[in-house]
2 protein chains.
Amino acid sequence: MKNPTLPLFEHWLYLNQYHAQIEQTLEKNLTAMHDLSLKEFYVLYFLAQKSEKQLRLQDLQESVGLSQSAMSRLVSRFEAKGCGVLERRTCETDRRGVYTSITKKGEEKLNEAMKTVDQILAQRFKECNLESLFAQPDKITP
Amino acid sequence: MKNPTLPLFEHWLYLNQYHAQIEQTLEKNLTAMHDLSLKEFYVLYFLAQKSEKQLRLQDLQESVGLSQSAMSRLVSRFEAKGCGVLERRTCETDRRGVYTSITKKGEEKLNEAMKTVDQILAQRFKECNLESLFAQPDKITP
DNA sequence: ATGTACTATATGCATGTGCATGCAAAATAT
DNA sequence: ATATTTTGCATGCACATGCATATAGTACAT
């Protein structure tokens, strides 16, 4: 007797669309203005967060949310781009491991790119009625 | 003098992770329990929404948020799976166009799958402090 | 010390995606 | 009416991804 398409799902669709729009805007602007993919930006961000300015591939995958193989190749491509924001180095104490570290140049690039990102996020977060996204779905259509 | 990594971005990361987790759970469960990808499910949903139970490929792309070519192939593959939930038919009045329509069997499958989806969404929406996701970021770290 | 199990990353392969383009049908101009 | 432009979908191609597996190094058992 229930409505087969409950408003719960419509909420998800809305959230989905909202997320996709922001993601696409970030991707487009980072690429155009900083020659960075969004995921490359994430990598720089998570590296910069660490005081040692470096992370194992393993830790990067978890943070960014990619598979092990995808992250391995992402970092490879990123380093191969030759923009010098990133370095790979075999771990001395465990020579299976690979450390990826961000360079000074990388931190500067990150800071510049972060300005763009923050600007976009500020605008998007403002222009959208966020509360309605997460009003209790049950209470919207009785 | 500003902090180079403003909390605005952390909010985005949180939203991103939240979104990714739900999406992955939906994908996994739809595949396992109903032999449907999430995007196939979206297609069925948008078709069922229309009273005519059919849509142009063009309209489907927009609704689902895929490129024209991706949607063309998605529907092709979906039909080719042979589960009989979907039909493609050339538009009579404009023979360039293609109508995709959902079958009775498709609607039943959608309803079953929707139960799974709603169940997951209800759980995920509940177990997460959604308000904190969208508290005004400015006010969090003065 | 040697063999076995485990771990971290790299790589072959299949797949889904977007972009550019092709092709057929319709709309428009002349 | 014919030529040109536009539209809707299909398809070649390049590429990023996940899964499965290979490779190399480490840990553990005996």
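The figures that follow rest on heavy atoms only: side chains count, while hydrogens, waters and symmetry mates do not. A note on names: the letters A, B, ... follow the listed sequences, proteins ahead of strands, and every chain is numbered from 1.
Atom-to-atom distance recorded for A:E79:CD and A:T100:OG1 is 8.0 Å, nearest 0.5 angstrom.
For DNA chain C, none of the residues of residues 23-43 of chain A falls under the heavy-atom distance limit of 4.0 Å. Contacts between residues 71-96 of chain A and DNA chain D, defined by a heavy-atom separation under 4.0 Å, are made by A:R73, A:R77, A:D94, A:R95, A:R96. Annotation: proximity of residues 52-63 of chain B to DNA chain D (heavy atom, distance under 4.0 Å) is found for B:R56, B:L57, B:Q58, numbered in ascending order.
Aromatic pair A:F9/B:F41: centroids less than 6.0 angstrom apart. A:W12 and A:H19 have their aromatic ring centers separated by at least 6.0 angstrom.
A donor-acceptor contact shorter than 3.5 Å is absent between the side chain of B:K104 and the backbone of B:V85.
Judged by atom type and distance alone, A:Q68 does not reach the base of C:dA8 through any side-chain donor-acceptor pair under 3.5 Å.
Looking at which nucleotide of DNA chain C each of A:A70 and A:G97 is closest to, the 5′-most match is held by A:G97. The residue among B:S69 and A:S67 whose nearest nucleotide of DNA chain D lies closer to the 5′ end is B:S69.
Protein chain A contacts DNA chain D over a range whose 5' and 3' limits, counting nucleotides with an atom under 4.0 angstrom from a non-hydrogen atom, are D:dA16 to D:dT26.
Between B:S101 and B:R89, the shortest heavy-atom distance links the atoms OG-NH2, 4.0 Å.
Side-chain contact between B:Y99 and B:L55: absent, with no pair of heavy atoms (C-beta onward) separated by less than 4.5 Å. At least one side-chain heavy atom of A:R124 sits under 4.5 Å from a side-chain heavy atom of A:I120.
With respect to the salt-bridge test (charged N to carboxylate O, under 4.0 angstrom), the residues B:E92 and B:R95 do not qualify. The pair A:K105-A:E108 does not meet the salt-bridge criterion, since no charged nitrogen lies less than 4.0 angstrom from a carboxylate oxygen.
Taking atom CG of B:L66 as the reference point, atom C1' of C:dG16 lies 9 Å away to the nearest angstrom.
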Tabulate below the donor-acceptor pairs under 3.5 Å that side-chain atoms of residues 26-33 of chain B make, not counting sequence neighbours, or state none.
| from | atom 1 | to | atom 2 | distance (Å) |
| --- | --- | --- | --- | --- |
| B:E27 | OE2 | B:L38 | N | 3.3 |
| B:N29 | ND2 | B:T25 | O | 2.8 |
| B:T31 | OG1 | B:E27 | O | 2.8 |
| B:T31 | OG1 | B:L36 | O | 3.4 |

N/O donor to acceptor pairs below 3.5 angstrom from side-chain atoms of residues 68-78 of chain A, sequence neighbours left out:
| from | atom 1 | to | atom 2 | distance (Å) |
| --- | --- | --- | --- | --- |
| A:S69 | OG | A:S67 | OG | 3.3 |
| A:S76 | OG | A:S72 | O | 3.0 |
| A:S76 | OG | A:R88 | NH1 | 3.1 |

Apply side-chain contact (heavy atoms from CB on, under 4.5 Å) to the pair B:K50 and B:F46, showing each step before the final yes or no. CA-CA 7 Å; B:K50 288 301 240 186; B:F46 286 113; over 6 Å; no
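Counting heavy-atom neighbours within 6.0 Å of A:Q119 CD, excluding the residue itself, gives a total of 12 or less.
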